[in-house]
Asker: 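Right, I'll just put the structure down here and ask away after.
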Amino acid sequence: MDLNFFGADKTRAEPDMLQYLLQPVQDMVNACIQCGTCSGSCPNAFAMDHTPRKMWRMVLTGRADDIFHSKTFIMCSSCYFCTLRCPRGLPLTEAMAALKCIAAKRGLAKYRQSTAFYDKFIQNIRRNGRLREMEFMTSYFATMKSPVIPFRFTALAAKLAVKRKIAIHLPKLGQGRLHTIFSKTEELESRK
Amino acid sequence: MKYLYYPGCSLEGTALEYDLSTRAMMAAAGADLFEIKDWTCCGSTAMDQAGPLLPLVLSARNMALAEEMNTGEDILVPCSACYLNLRKTMEKMRQDPETLEKVNMILKEEQLHLEGRLNVRHLLDVMTRDIGPETVKSLIRDRLTGMVIAPYYGCQCLRPYAVFDDPETPVSMEPLIEAVGAEVHPWKMGGRCCGASHMNTKMDVGMALSGAVLHAAKGADAIVTVCPMCQINLEGYQRRISKSRDEDLTMTILYLPQLIGLAFGLSEKDLRIDMNLSVKEPFISKLNECRS
């Protein structure tokens, strides 16, 4: 398993940082009673290495190293069944999102495919205001540098092109449509 | 009926026919849509990884623009992902004045201000509760007799906010389908997940979830959807999914306003059915039978 992103396994290099970042997630699931309703409700549990129930226990016991070697939270597709059914009323989908956020912000290599996908999305919005689907997918493929990923989409892309559903735009220059709002948000968040 | 209309990015691209058929069907039902001027992306699920504040700000920007327009009380959203983002922002802004203040500090950069007084509603909510099956029935020109339709709701118009339907076993589309003379396909997959963006990053998992939905819809003439993500996952990979499961899972997938629009006597051209990726022969011949 390749955990190198910036040349080192960051989950091992920065345990204190990850522990610190886990605190708000611990607050979210503090009242978990380990009943397993979330695991039983999750459509993606079959593809996870730890069930959601086990993930919350790992979060509460601060096992950052195990959490950030697991693919559980990246397999969450935000269907909100667990949030709906949790007998303690915990915001479990949001807690999964918070783990995704930590993985993205720390640039953990294991999650590179998903974080690159969403990162390219965010950059596209910042620049264009509205998503340009073709430009976004092209930049995602370019980042992944994988010779096979684009081919999974060629059949679909061909269909979309025939239906004239994908447009090629001239790249937008300058600061970007939502640059001001993004910068101000970053400024406020860094103040905390 | 007047609505402030937020189409969202997909409805300008891969789901253009959802936008056009929504406008056509809503006009036929006597509703006026006023598109929010200068709207931008709601943030989508991508913003999950951008931290808690940015997704709220992106949705709040659009809601502030809607408030400036003063032409309605409800924001109408056809895309379930956009709907959830806007709805979540609405709920949070009403409960948490401190965060609202922070969001407004950011919106000030664009000379905008959010009060949070507008209600955010999904297209299915409006079709069920404002238009309703009785009105639909009165507008029918071609009854879709003999058609079997599988109602597919997906996740984010139902959960976590249970606004207009049962979030576990949704039924809101059934009276609409029956109103146009069609039968409801009996199944339990209506509120299950299609795999969402796993189709882009974890394709085998995405195909397993979409495949289960397509398999359960066997016997229906079409699945109808109310979300561009569900639609493309169900219509865009049918050949690949069929191959991996070794069964024929090709099937017609329509947006709900397209189905209702057909019964209203709108043409395939008005509803841009030519833009759908999977409309199959059995559906077309049944439609022609209904019309003759």
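Numbers restart at 1 for each chain; the letters A, B, ... are given by sequence-line order, proteins then strands.
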Asker: Give the member of B/V57, B/L16, B/I232, B/L54 that has the highest number of heavy-atom pairs under 4.5 Å with chain A.
Answerer: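 Heavy-atom pairs under 4.5 Å are most numerous for B/L54.
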Asker: Side chain, backbone, both or neither: which part of A/T93 has a non-hydrogen atom closer than 4.5 Å to chain B?
Answerer: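 It is neither, since no heavy atom gets under 4.5 Å.
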Asker: Donor-acceptor check, side chain of B/Y152 to backbone of B/C194, threshold 3.5 angstrom: yes or no?
Answerer: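 Looks like yes, one N/O pair under 3.5 Å.
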Asker: Does a donor on one side chain and an acceptor on the other come within less than 3.5 Å for A/S77 and A/N44?
Answerer: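 Indeed, the side chains of A/S77 and A/N44 share at least one donor-acceptor pair under 3.5 Å.
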Asker: Are the charged groups of B/E17 and A/K165 less than 4.0 angstrom apart, N to O?
Answerer: yes
Asker: Taking side chain as everything from C-beta outward and backbone as N, CA, C, O, which of these in A/I122 sits under 4.5 Å from a heavy atom of chain B? Side chain, backbone, both or neither.
Answerer: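 Contact with chain B is through both the backbone and side chain of A/I122.
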Asker: Would you say the side-chain atoms of B/N62 pair up with the backbone N or O of B/W39, donor to acceptor, closer than 3.5 Å?
Answerer: no
Asker: Any side-chain donor-acceptor pair under 3.5 Å between B/Y5 and B/T22?
Answerer: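 No pair is found: no donor N or O on one side chain lies under 3.5 Å from an acceptor on the other.
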Asker: Give the member of A/M96, A/R152, A/R132, A/Q113 that has the highest number of heavy-atom pairs under 4.5 Å with chain B.
Answerer: A/R152
Asker: With only heavy atoms counted, which part of B/M105 is less than 4.5 Å from chain A, the side chain, the backbone, both or neither?
Answerer: both
Asker: Does B/H215 reach the main-chain N or O of B/L249 with its side chain, forming a donor-acceptor pair under 3.5 Å?
Answerer: no
Asker: Among residues 135-149 of chain A, which residues come closer than 4.5 Å to chain B, judged by heavy atom distances?
Answerer: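 Residues A/M137, A/Y140 are the ones that qualify, each having a heavy atom under 4.5 Å from chain B.
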Asker: At a heavy-atom separation under 4.5 Å, does B/A208 approach chain A through its side chain, its backbone, both, or neither?
Answerer: side chain
Asker: Please state whether the side chain, the backbone, both or neither of A/C42 comes within less than 4.5 Å of a heavy atom of chain B.
Answerer: neither
Asker: Chain B: which of A/K100, A/K159, A/R164 shares the most heavy-atom pairs with it under 4.5 Å?
Answerer: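 The candidate making the most pairs under 4.5 Å is A/K159.
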Asker: Let's test your reading of the structure: which of B/H198, B/E12, B/E109 forms the most heavy-atom pairs below 4.5 Å with chain A?
Answerer: B/H198
Asker: So what's closer than 4.5 Å to chain B heavy atoms on A/N128: side chain, backbone, both or neither?
Answerer: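 No part of it gets close to chain B.
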Asker: Between A/I125 and chain B, which part of the residue has a heavy atom less than 4.5 Å away: side chain, backbone, both or neither?
Answerer: side chain
Asker: With distance as the sole test, does B/Y237 use its side chain to make a donor-acceptor pair with the main-chain N or O of A/F153 at under 3.5 Å?
Answerer: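 Side chain of B/Y237 to backbone of A/F153: no pair is present.
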Asker: May I ask you to decide if B/A15's main-chain N or O and B/D19's side chain share a donor-acceptor pair within less than 3.5 Å?
Answerer: no
Asker: So which residue, A/A104, A/S183, A/S114, A/C79, ends up with the most heavy-atom pairs under 4.5 Å with chain B?
Answerer: A/C79
Asker: Tell me, side chain or backbone of A/A155 under 4.5 Å from chain B's heavy atoms, or both, or neither?
Answerer: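 Answer is neither: A/A155 stays 4.5 Å or more from chain B.
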Asker: Using a 3.5 Å distance criterion without hydrogens, assess whether the side chain of B/S59 forms a donor-acceptor pair with backbone atoms of B/C42.
Answerer: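 Yes, B/S59 side chain to B/C42 backbone: donor-acceptor pair under 3.5 Å.
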Asker: For the interface with chain B, which of A/T83, A/L160, A/I102 has the highest count of heavy-atom pairs at distances below 4.5 Å?
Answerer: A/L160
Asker: Under 3.5 Å, is there a donor-acceptor pair linking the side chains of A/R85 and A/T37?
Answerer: no
Asker: Side chains of A/T72 and A/D49 only: does a donor on one sit below 3.5 Å from an acceptor on the other?
Answerer: yes
Asker: Sort by residue number and list every member of residues 270-280 of chain B having a non-hydrogen atom under 4.5 Å from chain A.
Answerer: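 Contacts with chain A: B/D274, B/M275, B/N276, B/L277.
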Asker: Can you confirm whether B/E67 sits close enough to B/L114 that some side-chain heavy atom of one is under 4.5 Å from a side-chain heavy atom of the other?
Answerer: yes
Asker: So, the side chain of B/H122 versus the backbone of B/P78: is there a donor-acceptor pair under 3.5 Å, distance only?
Answerer: yes
Asker: Is a side-chain donor or acceptor of A/Y118 paired with a backbone partner of B/Q49 at a separation under 3.5 angstrom?
Answerer: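 Not a single qualifying donor-acceptor pair exists.
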Asker: Looking at A/A47, A/S78, A/P24, which one has more heavy-atom pairs under 4.5 Å with chain B than the rest?
Answerer: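 Top count of heavy-atom pairs under 4.5 Å with chain B: A/S78.
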Asker: Could you have a look at B/N200, B/D204, B/L58 and say which one has the most heavy-atom pairs with chain A under 4.5 angstrom?
Answerer: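 Heavy-atom pairs under 4.5 Å are most numerous for B/N200.
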Asker: Heavy-atom distances under 4.5 Å only: say whether A/E186 touches chain B with side chain, backbone, both or neither.
Answerer: neither
Asker: Heavy-atom distance under 4.5 Å to chain B: side chain of A/F46, backbone, both or neither?
Answerer: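 Side chain only.
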Asker: With a 3.5 Å cut-off and no angle check, do the side chains of B/T40 and B/R61 form a donor-acceptor pair?
Answerer: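 Yes - a donor-acceptor pair under 3.5 Å links their side chains.
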Asker: Determine the minimum heavy-atom distance between B/Y255 and B/P228, stating which atoms define it.
Answerer: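 Of all heavy-atom pairs spanning B/Y255 and B/P228, the closest is OH-CA, 3.5 Å.
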Asker: Pairing donors with acceptors under 3.5 angstrom, does anything connect the side chains of A/Q23 and A/D27?
Answerer: no
Asker: Between the side chains of A/K184 and A/E187, is the shortest nitrogen-to-carboxylate-oxygen separation below 4.0 Å, so that they form an ion pair?
Answerer: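 Answer for the salt bridge query: yes.
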Asker: Between B/Q238 and B/M251 (side chain of the first, backbone of the second, donor and acceptor by atom type, cut-off under 3.5 Å), is there such a pair?
Answerer: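 Looks like yes, one N/O pair under 3.5 Å.
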Asker: Please check: side-chain N/O of B/R87 versus main-chain N/O of B/V120, any donor-acceptor pairing under 3.5 Å?
Answerer: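 Yes, the answer is positive, given that a donor and an acceptor are paired below the 3.5 Å cut-off.
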Asker: Sort out for me which of B/A196, B/S197, B/P160, B/G191 touches chain A most, counting heavy-atom pairs under 4.5 Å.
Answerer: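 Heavy-atom pair counts peak at B/P160.
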Asker: If you count heavy-atom pairs under 4.5 Å between each of A/D119, A/T180, A/I181 and chain B, which one has the most?
Answerer: A/I181
Asker: What part of B/L158 lies closer than 4.5 angstrom to a heavy atom of chain A: side chain, backbone, both or neither?
Answerer: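 Neither; nothing under 4.5 Å.
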Asker: Heavy-atom distance under 4.5 Å to chain A: side chain of B/L209, backbone, both or neither?
Answerer: side chain
